Amino acid sequence: MNTTILIIGAGPTGLTLACELQKRKIDFIIIDKKNAPSTTTKAIGIQPRTMELFAYMDIIDDVIEEAVVVQKTNLFINYQKTIQYNYEHVKNTPYPFLLSLPQCTTEAILLKQLHKLGGKVTYNTEFINLKQHPSFINAELKKSDNTTTTISCQYLISCEGARSKIRKQLNIPFSGNTYKELFLFADVEINWKLSRQEMYGWFHKNGLLAVAPLPNTKQWKIFVDISSKELQKGEENIDFIEKVMHNRTNDPSISLSNPTWLRSFIVNHRIVNHYQRGNIFLVGDAAHIHSPLGGQGMNMGIQDAYNLAWKLALVVQNKVNPTLLLTYEKERLPVAKDILRRTHINTKVLTAKNGLIRFMRNQIAIKILALPFVQKYWLTRSSQLAIHYANSLISHNHFSNSLYHFSPFLRNCRAGKRVPDFEFSESNNKKANLYTLIKNNDFILLIFPNKEKIFRSFQTIHQQLPTFIKTYGIISSNSSLKHSLPFPLLMTNQQIVSNLFNIKNDGLCLIRPDGYIAYYSSEINIENFNNYLYKKLGTIQHAK
């Protein structure tokens, strides 16, 4: 059996990759050794940046409907509420909040979307071995009846998780360590009066206690950092957790009931040194694992998959040079290293048993974090909205004036940054926003004209652009330029949009399928833009 792409693992990461490939009509097979989709909660936090990707995937409404929208996180020190993190400090996103949604539900929504698009998962099929050739890979698979088969594929993707067989067979190091602390997860009902739209954490000398609401139920997810003195072998039960909660909250009236999941575990923080070996790629937990504190892991995997999917699709469709695939590791590995470093520091500080460290955390660090501007900075990073690819090989800026390099307004609008959203009216006066266009297209080219001749001169160039680039002109609502052009015009408050993009006269902005700016120019320079397309982006396909 042959396929273009073979995906191993049908968790959130593998399903995201499969949905995006299926949307683009790419030939693939996705397998999982389980006999059915997951049924346990596992990871529950969905960050704003992941929600933006879910909007591009057209599943955000289903995700929000199934989830608990969390606006605030409350932290208690010495049994008193000391700080409240408020997601209202998160700006420049349609989703300034956190979602609490069991991983199994996230997988179910992704699987439903895959079926809707015409794809499927092959369960009861386990990856066994691989043999890599110069132009293809043979993967040996085993069915539940112990029969084996070999699939030949052009690309092999490991979405297997931390125990990735593919990573081990490629001898790619998974460097890092295991935390000494023992952690306990539990899904239970809690008899108390705290709001189910908020999360809670208690700092205690024996360790951290964190609690988050679970949707469509009366249950909460409890996370406990347990010292060896507290836990005796065989005590991982609801009575033990209730005793810990009494101790750390100083509230003996709390009672727990109806547990559906309880598990003790140790946590690793590890990362690979390469995401790619030839035509084999590691995605999600197969490439990086870290502490669950902060809700970063599953989001990282989904974003890995989205980053790789559109690049694979363009290469498979022979629209761009295969060298584009090298940017997957170049972009995502630094992001993973940064998040691994931050989650490691946060875990060591939040679970600190050392008296001096706890004093500095409780009396100094927490009070600094209470400041609004510090909250904005911290929440923007934890929400993963600050991730950028400014140093990517396919991020390019062209400035008409060297002063643009130092402009503070460019911090949020230059190549490698997330593109700012804005509202517009189409020719039929229907209102929409930029993120809607991203959902329905691959690359988007925005033209900001200063004079009518700019539009006219761009008509010929437009006809030579690759089919995967959709062009839109940005004009003022009262402009006379509304007809006789080969691409749609978006009518906006041009002053607001020009300020968002820091374009004073005319300019170009090329937006990637994942909502990041690929090319930014403070003037319309056709030669420079063409050089970018064919030399940097590696475009093969020319005419529309």
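Here the structure is a predicted model, which means the values were calculated and not measured. Side chains included, hydrogens not; waters and symmetry mates left out as well; all remaining heavy atoms used. Residues take their numbers from the sequence shown, with the count starting at 1.
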Novice: Between Glu107 and Ser38, does the side-chain hydrogen bond (donor to acceptor under 3.5 Å, both in side chains) criterion hold? Intermediate values first, please.
Specialist: CA-CA 8 Å; Glu107 290 181 19; Ser38 300; 3.2 Å; yes

Novice: Report the distance from atom CG of Asn268 to atom CD1 of Ile289, rounding to the nearest 0.5 Å.
Specialist: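 The CD1 atom of Ile289 is 4.5 Å from CG of Asn268, to the nearest 0.5 Å.
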
Novice: Going through the checks in order, is the salt bridge (charged side-chain N to carboxylate O under 4.0 Å, His left out) test met by Arg248 and Asp225?
Specialist: CA-CA 11 Å; Arg248 298 191 187 180; Asp225 157 31; 5.3 Å; no

Novice: Using a 4.5 Å cut-off on heavy atoms from C-beta on, say whether the side chain of Pro96 contacts that of Ser383.
Specialist: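 In short, these two side chains do not touch, never coming nearer than 4.5 Å.
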
Novice: Between Phe76 and His204, is the ring-ring contact (aromatic ring centres under 6.0 Å, His included) condition met? List the steps.
Specialist: CA-CA 9 Å; Phe76 294 77; His204 190 273; over 10 Å; no

Novice: Can you tell me how far the CE atom of Met300 sits from the CD1 atom of Ile387, to the nearest 0.5 Å?
Specialist: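 One gets 6.0 Å once the value is rounded to the nearest 0.5 Å.
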
Novice: Kindly give the heavy-atom pair with the smallest separation between Met57 and Cys19, and that separation in Å.
Specialist: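 For Met57 and Cys19, the tightest heavy-atom pair comes out as CE-CB, 3.7 Å.
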
Novice: Take the angle between the ring planes of Tyr306 and Tyr56 and call it parallel below 30°, perpendicular above 60°, tilted in between.
Specialist: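 Aromatic pair Tyr306/Tyr56 classed tilted.
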
Novice: At what distance, to the nearest 0.5 angstrom, does CD of Gln276 lie from NZ of Lys330?
Specialist: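 Between atom CD of Gln276 and atom NZ of Lys330 there are 10.0 Å.
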
Novice: If you round to the nearest 0.5 Å, how far is CG of Leu141 from CD1 of Ile31?
Specialist: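 It is 4.5 Å, given to the nearest 0.5 Å.
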
Novice: Any salt bridge between Glu126 and Lys165, counting N to O under 4.0 Å?
Specialist: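 Lys165 and Glu126: salt-bridged.
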
Novice: Can you name the one residue among Phe185, Trp192, Trp261 that meets ring-ring contact (aromatic ring centres under 6.0 Å, His included) with Trp220?
Specialist: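 Passing option: Trp192.
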
Novice: Let me see the working for Tyr95 and Ile64 under side-chain contact (heavy atoms from CB on, under 4.5 Å), right down to the final yes or no.
Specialist: CA-CA 10 Å; Tyr95 313 104; Ile64 293 177; 4.2 Å; yes

Novice: Can you list the steps and then say if Met245 with Val211 is a side-chain contact (heavy atoms from CB on, under 4.5 Å)?
Specialist: CA-CA 10 Å; Met245 290 194 71; Val211 183; 4.3 Å; yes

Novice: Walk me through it: do Gln303 and Thr50 pass the test side-chain hydrogen bond (donor to acceptor under 3.5 Å, both in side chains)?
Specialist: CA-CA 7 Å; Gln303 291 172 43; Thr50 303; 3.1 Å; yes

Novice: Look at atom CG of Asn129 and say whether more than 12 heavy atoms of other residues, nucleotides or ligands are closer to it than 6.0 Å.
Specialist: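 Atom CG in Asn129 is packed in, count exceeds 12.
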
Novice: What residue pairs, at least two apart or across chains, pass salt bridge (charged side-chain N to carboxylate O under 4.0 Å, His left out) with a residue in residues 261-275?
Specialist: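 Found none.
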
Novice: Which atoms form the tightest heavy-atom contact between Asn299 and Gln384, and what is the distance?
Specialist: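 Smallest interatomic distance, heavy atoms only, reads CB-OE1, 3.6 Å.
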
Novice: Do Glu66 side-chain atoms and Thr105 backbone N/O form a donor-acceptor pair below 3.5 Å?
Specialist: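 Side chain of Glu66 to backbone of Thr105, a donor-acceptor pair under 3.5 Å: no, none is there.
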
Novice: Evaluate the side-chain proximity of Glu329 to Phe281: yes if any heavy-atom separation is below 4.5 Å, no if none is.
Specialist: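 Side chain of Phe281 against side chain of Glu329, heavy atoms only: no contact under 4.5 Å found.
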
Novice: Tell me if a side-chain donor or acceptor on Thr16 pairs with a main-chain N or O of Gly14 at a distance below 3.5 Å.
Specialist: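 No, because the side chain of Thr16 does not come within donor-acceptor range (under 3.5 Å) of the backbone of Gly14.
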
Novice: Taking all atoms of both residues into account, what is the closest heavy-atom pair of Leu101 and Pro215, and its distance?
Specialist: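 Distance-wise, the nearest heavy atoms are CD1-CG, 4.2 Å.
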
Novice: Is it true that, when you exclude Lys439 itself, more than 12 heavy atoms of the residues, nucleotides or ligands shown sit nearer than 6.0 Å to its NZ?
Specialist: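 Enclosed: over 12 neighbouring heavy atoms sit under 6.0 Å from NZ of Lys439.
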
Novice: Residues two or more places apart in sequence or in another chain: which of them pass side-chain contact (heavy atoms from CB on, under 4.5 Å) with Asp421?
Specialist: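 With sequence neighbours excluded, Asp421 shows a side-chain contact (heavy atoms from CB on, under 4.5 Å) to Pro94, Asn433, Leu434, Tyr435, given in chain and number order.
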
Novice: Do the side chains of Pro292 and Val267 get nearer than 4.5 Å, heavy atoms only?
Specialist: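 They are in side-chain contact.
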
Novice: Within the 4.5 Å heavy-atom criterion, are Cys413 and Ile517 side-chain neighbours or not?
Specialist: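 Yes, their side chains come closer than 4.5 Å.
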
Novice: Would Leu114 and Leu110 count as a side-chain contact (heavy atoms from CB on, under 4.5 Å) if you check the C-alpha gap in whole Å, the side-chain angles of each, and the deciding distance to 0.1 Å?
Specialist: CA-CA 6 Å; Leu114 179 60; Leu110 287 165; over 6 Å; no

Novice: Taking side chain as C-beta onward, heavy atoms only, is Glu52 less than 4.5 Å from Leu385?
Specialist: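 They are in contact (side-chain heavy atoms under 4.5 Å apart), so the answer is yes.
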
Novice: Which label fits His290 and His288: parallel for a plane angle under 30°, tilted from 30 to 60°, or perpendicular past 60°?
Specialist: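 Because their plane-to-plane angle is under 30°, the rings of His290 and His288 count as parallel.
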
Novice: Quick one: CD1 on Ile271 to OG on Ser175, what's the gap to the nearest 0.5 Å?
Specialist: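 Here the rounded value is 9.0 Å.
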
Novice: Between atom CG of Leu208 and atom CZ of Phe183, what is the distance when rounded to the nearest 0.5 Å?
Specialist: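 Spacing of CG (Leu208) from CZ (Phe183) equals 8.5 Å.
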
Novice: Which pair of non-hydrogen atoms, one from His274 and one from Ile172, has the smallest distance, and what is that distance?
Specialist: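 Scanning both residues completely, I find the closest heavy atoms to be O-CG2, 3.9 Å.
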
Novice: Apply ring-ring contact (aromatic ring centres under 6.0 Å, His included) to His388 and Tyr516, showing your working.
Specialist: CA-CA 8 Å; His388 67 84; Tyr516 289 95; 8.8 Å; no

Novice: Is Tyr79 atom OH crowded by more than 12 heavy atoms from other residues, nucleotides or ligands, each under 6.0 Å away?
Specialist: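 Yes, enclosed.
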
Novice: State which residue, out of Leu17, Ile29, Asn279, Leu21, fulfils the side chain to side chain contact (heavy atoms under 4.5 Å, CB included) condition with Ile5.
Specialist: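 Of all the options given, the one that passes is Leu21.
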
Novice: Is a side-chain donor or acceptor of Gln296 paired with a backbone partner of Ser291 at a separation under 3.5 angstrom?
Specialist: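 Flag not set: sc Gln296 to bb Ser291 has no pair under 3.5 Å.
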
Novice: Using the salt bridge (Lys or Arg N to Asp or Glu O under 4.0 Å) definition, which of the options Asp304, Asp514, Asp338 pairs with Arg332?
Specialist: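 Going through the options one by one, the only one that passes is Asp304.
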
Novice: Let me see the working for Thr260 and Gln219 under side-chain hydrogen bond (donor to acceptor under 3.5 Å, both in side chains), right down to the final yes or no.
Specialist: CA-CA 9 Å; Thr260 56; Gln219 286 190 320; 3.0 Å; yes

Novice: Indicate yes or no for a side-chain donor-acceptor contact from Lys72 to the backbone of Val70 under 3.5 Å, with no hydrogens or angles considered.
Specialist: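 Not confirmed, Lys72 side chain does not pair with Val70 backbone.
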
Novice: Tell me, do Ile157 and Leu312 make a side-chain contact under 4.5 Å, heavy atoms counted?
Specialist: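 They are in contact (side-chain heavy atoms under 4.5 Å apart), so the answer is yes.
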
Novice: With side chains defined as the heavy atoms from C-beta onward, is the minimum distance between Leu537 and Phe443 less than 4.5 Å?
Specialist: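 SC-SC contact between Leu537 and Phe443 confirmed.
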
Novice: When you measure from the side chain of Thr343 to the backbone N and O of Leu340, does any donor-acceptor pair fall under 3.5 Å?
Specialist: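 Pair found, side chain donor or acceptor close to backbone of Leu340.
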
Novice: Hey, is CZ on Phe373 packed in by over 12 heavy atoms from elsewhere, all under 6.0 Å?
Specialist: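 Count not over threshold, so no.
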
Novice: Angle between ring planes, Tyr85 versus Trp378, binned at 30° and 60°: parallel, tilted or perpendicular?
Specialist: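 Aromatic pair Tyr85/Trp378 classed parallel.
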
Novice: Is there side-chain contact between Lys348 and His269, with at least one heavy-atom pair below 4.5 Å?
Specialist: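 Lys348 vs His269: side chains apart.
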
Novice: Taking all non-hydrogen atoms of both residues, which atom of Ile302 and which atom of Thr13 are closest, and how far apart?
Specialist: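 So the minimum-distance heavy-atom pair works out to N-OG1, 4.0 Å.
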
Novice: Between Glu160 and Ala286 (side chain of the first, backbone of the second, donor and acceptor by atom type, cut-off under 3.5 Å), is there such a pair?
Specialist: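 Here the side-chain-to-backbone pair does not exist.
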
Novice: Would you say Asn250 has more than 12 foreign heavy atoms packed within less than 6.0 Å of its CG?
Specialist: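 Counting neighbours around CG of Asn250, more than 12 heavy atoms of other residues, nucleotides or ligands fall under 6.0 Å, so yes.
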
Novice: With a cut-off of 6.0 Å (strictly less than), are more than 12 heavy atoms of other residues, nucleotides or ligands near NZ of Lys33?
Specialist: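 Not buried by this count: 12 neighbours or fewer within 6.0 Å.
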
Novice: Tell me, yes or no, whether the heavy-atom count around Arg163 atom CZ, taken from other residues, nucleotides or ligands under 6.0 Å, exceeds 12.
Specialist: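 No, the 6.0 Å shell around CZ holds no more than 12 heavy atoms from other groups.
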
Novice: Taking all heavy atoms of Lys311 and all of Glu331, pick out the closest pair and write down the distance.
Specialist: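 Scanning both residues completely, I find the closest heavy atoms to be NZ-OE1, 2.8 Å.
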
